[in-house]
Trainee: 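What follows is a single structure, and I will ask about it in a moment.
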Amino acid sequence: MVHTMLRFGKGWHELGPIRPPSEGKDRSLLIRVTRNCPWNRCEFCRTYKNKTYSLRNVEEIKADIDTVKALAGEIKATSWRLGFRGALRQEVVTTFINENPALYSRAYNDPGTVERRLESLANVVHWLSSGARTVFLQDANAPQIRTDDLVEILHYLKENFSTIERITSYARSKTIARKSLGDLQRLHEAGLSRLHIGLESGCDEVLAYIKKGTTAAEHIIAGKKTREAGITLSEYYMPGLGGKKWSKKHALESARVLNEIDPDFIRLRTLVPRRGTPLYDRIQAGEFEPLTEDEVVEEIALFVEHLDCSAYLTSDQMCNLLWEVEGQLPQDKPAILKTINDYLRKPLHERLKLQLERRLSSYLFIAGHLNQGLAAGVEAAWDAVNRGSSDAPAKVQKVLDTIKPAFI
Ligand code: SF4
């Protein structure tokens, strides 16, 4: 057992709660550089609520990278030994776990450690199975740490894994705007290839209202500097965040800011008010009027009409209703607008049907089933939609209001 523990360090590397869906699709290795969010005040966000922000020191992060290296080496060796020539199969992982019972047996007094080890192992296995090419630095704002420290971590990753092609991170515009261009260039040279920035809005009233802690001007400075440093940039726009009050301005100002930045990617993240957030409470108190599904789509149409940049626009998250709104700007703009307008031109009952179908499929993906009360509501909504009844919109809305707060 002592031998096993030395080979794998503590047996797991620390993981934070989230990463962008694109990093999940690419099966990125997750390396936690900081814990939680240093700002933690955005009114729509509950990811790190009640969690304290902290830095991790460089030695701690390097020890995690050492653990990943040891795990990866042993898993590959197991594959060769079983005759799979380094390929990852279920048998390889099962044999690896069976041969290291000290790491993966549930201790009665510390069940959490086994979960952490299995999550860490799953992350390493997925990463290896995709060629070990991409890494995502967690949590909400990794560039917050000293540039020298981040450069050291990036070098250490590259030195230890020659297969790495891309290293990415979330970042706040405020932090990036404060960094010098020289610092960002150093980070890029050391291997930081992409930043994911939550623009949310380019409208100052909306940014102030939802307490983003950043202005439109800072978004522009941060975005332009990131591009100038050679770092690929993903910006996240949140349709619906201005509610009924600022919808038009939110769309127009966000398009203006993104046109100035000209990011590589614009990712749509429709507002889904979640229980436990201040914005949800404001809605319940009647202080914030959220948009309907159709109003959100109309807002996206206005936003896209005013985009004049060369980003790739994508709807890569279940919070969006129209997943097919996607394409390379500027050439795909007419096709994107056609997709949106085709939806808006559908008869009401067809739009309601699509809303129910899509939102329910996302909900079932997360929750697995409908409870009895919800199932009855869904049945009543379907019935009203199919009959073309005048109360169909209200019944569909009631279902949506119940299931959407559960979205991730
Ligand atoms: S900066 Fe990001 S992670 Fe932090 S509170 Fe705002 S949205 Fe959430």
Side-chain angles (χ1 to χ4, degrees), residues 14-24 28 30-56 136-145 150 168-179 194-223 226 233-243 250 254 257-258 261 263 265-283 288 290 316-320 404-405 407-408:
E14 186 169 327
L15 299 174
I18 60 164
R19 41 83 187 130
S22 51
E23 302 294 334
S28 297
L30 305 178
I31 294 293
R32 197 174 201 187
V33 170
T34 62
R35 294 187 184 98
N36 309 314
C37 174
W39 175 247
N40 217 2
R41 285 182 229 173
C42 300
E43 299 236 321
F44 60 87
C45 174
R46 69 172 181 200
T47 308
Y48 303 103
K49 284 281 174 285
N50 305 318
K51 291 182 183 153
T52 308
Y53 173 74
S54 66
L55 297 170
R56 300 187 72 213
F136 179 71
L137 306 177
Q138 297 175 303
D139 281 339
N141 191 26
Q144 172 102 356
I145 71 170
L150 195 47
T168 68
S169 157
Y170 281 131
R172 295 191 67 227
S173 283
K174 192 93 175 179
T175 303
I176 301 301
R178 281 180 181 155
K179 282 212 186 269
R194 179 180 298 177
L195 287 178
H196 296 271
I197 292 185
L199 177 103
E200 329 301 3
S201 179
C203 170
D204 277 326
E205 285 97 324
V206 175
L207 290 169
Y209 185 78
I210 55 105
K211 299 195 173 71
K212 187 68 198 168
T214 304
T215 63
E218 285 166 332
H219 273 322
I220 293 171
I221 293 168
T226 301
L233 178 61
S234 277
E235 293 274 6
Y236 292 73
Y237 165 61
M238 190 169 277
L241 191 59
H250 171 51
S254 299
V257 168
L258 288 166
I261 296 171
F265 296 92
I266 297 172
R267 299 180 189 274
L268 302 180
R269 291 290 180 274
T270 300
L271 172 69
V272 176
R274 291 166 174 111
R275 279 187 202 95
T277 61
L279 192 59
Y280 185 86
D281 295 342
R282 285 186 192 235
I283 292 169
F288 180 90
D316 57 343
Q317 227 267 7
M318 65 170 65
C319 58
N320 300 309
K404 283 169 69 177
F407 286 10
I408 297 166

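Only a predicted model underlies this, so the values are computations on that prediction, with no experimental measurement involved. Counting convention: from 1, in listed order, for ligands and their atoms alike. Residues take their numbers from the sequence shown, with the count starting at 1.
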Trainee: Could you see which bit of Y170 sits under 4.0 Å from ligand 1, with heavy atoms only: side chain, backbone, both or neither?
Mentor: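 It is neither; nothing of Y170 touches ligand 1.
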Trainee: Please indicate how many protein N/O/S atoms are found closer than 2.8 Å to atom 4 (Fe) of ligand 1, with waters neither displayed nor included.
Mentor: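 Excluding waters, the total comes to 1.
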Trainee: Is the closest side-chain donor-acceptor distance between N141 and T175 under 3.5 Å?
Mentor: yes
Trainee: Can a side-chain donor-acceptor contact be found between R267 and S234 if the only test is distance below 3.5 angstrom?
Mentor: yes
Trainee: Would you mind finding which of K212, R46, K211, E43 brings a heavy atom closest to atom 2 (Fe) of ligand 1?
Mentor: K212
Trainee: Are R282 and Y209 in a cation-pi setup, meaning NZ or CZ lies under 6.0 angstrom from the ring centre and within 45 degrees of the ring axis?
Mentor: yes
Trainee: Which value, rounded to the nearest 0.5 Å, describes the distance between S169 atom OG and H196 atom NE2?
Mentor: 8.0 Å
Trainee: Using a strict threshold of under 4.0 Å (side-chain N to carboxylate O), is an ion pair present between R19 and D139?
Mentor: no
Trainee: Please report whether the ring centroid of F136 lies less than 6.0 Å from that of Y170.
Mentor: yes
Trainee: Going by the rule salt bridge (Lys or Arg N to Asp or Glu O under 4.0 Å), which residues pair with E218 if we only count those two or more places apart in sequence or in a different chain?
Mentor: K174
